[in-house]
Amino acid sequence: MSVIPDNPQVPAADQTLRILRHLATRPAPVAASAVARDLEIPRSTVHHLLNTLADHGFVLHLREERRWALGTAASELAGGFARQQPLARLGRPLVAALADRLGESTHLGVLSGSDVVYIVEERAPRRPALVTDVGVRLPAHLTATGRAMLAALPREQVRALYPNASAFSTRTGQGPGRPGELRELLRSIRAAGHASEDGEVTDGTRSVGAAVLDTSGWPLAAVAVTWSSGTGPTEADAAAAVTETAVELQRRLR
């Protein structure tokens, strides 16, 4: 059965959904003229629909580049699906196995705008309670899960989420506080292949995380492990285990 009907009953709705799907499958932001050409929709119609989607936060207009990208509202839809459907169900046993393997608490989170929302947590025996309970939101730029996902986003999307210093918050007085500092941090994460934080969410704890990517490279979620500073695994061992878990969850989702 075709995903897109040949004779849609509501053409505007059909065109809007096609535009969103098209943007979601592109590796980088797209010009409106390219959207119109690829989808064979009149250019004026594409502009009207993109502007409406932007008003509701589903797309972002990158004015300097004259291109369009998915917005935070689209990410929230993905997060809602993740909380209800396969990510949590498929991720829970893998996150539990990771906790057993490392003997430390583990979790799975998704992006919601510039926050991380945790959808699975596995607390290891005799380990202290963490702030990453299911449903908790934390600033993405401070957490290992959030940083792993931000590093996988297009740079234009990161700029839209963190346009200036006012977009940054802190919990312990540590962490990036300006767009340039975040760019450097994400560059190092991409080079390392995993993200980490030490005392930036909670004093005395550290975390390592890895992103779970879809077939286009978009970050669906991130897996992380958290332990008390001065104890627990080395960062290299934690990174290897977390990355292996993230890759396995990618495989199961596909």
Indicate whether any N or O donor in one side chain lies under 3.5 Å from an N or O acceptor in the other, for Glu197 and Ser207.
yes
Give me the atom names and distance for the closest heavy-atom approach of Leu213 to Gln250.
N-OE1, 2.9 Å
State the CH2-CE distance between Trp218 and Met149, to the nearest 0.5 angstrom.
11.5 Å
Determine whether Leu70 and Leu39 fall in the same hydrophobic cluster, where Ile, Leu, Val, Met, Phe, Trp and Tyr are linked whenever their side-chain heavy atoms lie under 4.5 Å apart.
yes
Asn51 (side chain) donor-acceptor with His47 (main chain) under 3.5 angstrom
yes
Tyr162 and Ala167 have their tightest heavy-atom pair at CA-CB, 3.9 Å
Transitive ILVMFWY side-chain link Val201 to Leu150, under 4.5 Å
yes
What orientation do His107 and Tyr118 show, parallel under 30°, tilted 30 to 60°, or perpendicular over 60°?
perpendicular
Does this structure show an ion pair linking Glu64 with Arg159, if we count only N-O contacts that are shorter than 4.0 Å?
no
At what distance, to the nearest 0.5 angstrom, does CD1 of Ile19 lie from CG of Asp38?
11.5 Å
Ser105 (side chain) donor-acceptor with Thr226 (main chain) under 3.5 angstrom:
no
Without swapping roles, check the side chain of Arg190 against the backbone of Ala151 for a donor-acceptor pair under 3.5 Å.
yes
Candidate pair Glu244 and Arg101, rule side-chain contact (heavy atoms from CB on, under 4.5 Å), full reasoning:
CA-CA 12 Å; Glu244 184 180 313; Arg101 174 178 174 181; 3.3 Å; yes
Chi angles and distances behind the side-chain contact (heavy atoms from CB on, under 4.5 Å) call for Leu98, Val242:
CA-CA 7 Å; Leu98 179 64; Val242 164; 4.0 Å; yes
NE2 on His56 to OG1 on Thr16, rounded to 0.5 Å
10.0 Å
If you round to the nearest 0.5 Å, how far is CZ of Arg147 from CD1 of Ile189?
6.0 Å
Do Val223 and Val120 belong together in a cluster built from hydrophobic side chains that touch within less than 4.5 Å?
yes
Under a 4.5 Å side-chain heavy-atom rule over Ile, Leu, Val, Met, Phe, Trp and Tyr, are Leu60 and Leu23 clustered together?
no
On a heavy-atom basis, the closest approach of Ala124 and Glu104 is CB-C, 3.4 Å
For Arg183, is the CZ atom crowded, meaning more than 12 foreign heavy atoms sit under 6.0 Å from it?
no
Where do Glu248 and Arg252 land on the side-chain contact (heavy atoms from CB on, under 4.5 Å) test, with the steps shown first?
CA-CA 6 Å; Glu248 175 60 19; Arg252 296 189 184 192; 2.8 Å; yes
Taking His141 for its side chain and Ser169 for its backbone only, find out whether a donor-acceptor pair lies under 3.5 Å.
yes
Least distance between heavy atoms, Ser216 atom then Ala24 atom
OG-O, 3.9 Å
How far does OG1 of Thr205 sit from CG of Asp198, to the nearest 0.5 angstrom?
8.0 Å
Quick check against the 3.5 Å criterion: does Arg43 have a side-chain atom that pairs as donor or acceptor with the backbone of Ser33?
no
Sidechain-backbone polar pair: Glu156 side chain, Leu62 backbone, donor-acceptor under 3.5 Å
no
Taking atom OG1 of Thr172 and atom CG of Leu142, what is their separation to the nearest 0.5 Å?
7.5 Å
Between Ser112 and Asp115, is there a side-chain donor-acceptor contact under 3.5 Å, judged purely by atom types and distance?
no
Is a side-chain N or O of Thr243 found less than 3.5 angstrom from the main chain of Ala210, in a donor-acceptor match?
no
Please lay out, stage by stage, how His61 and Leu50 fare under the test side-chain contact (heavy atoms from CB on, under 4.5 Å).
CA-CA 8 Å; His61 186 203; Leu50 285 171; over 6 Å; no
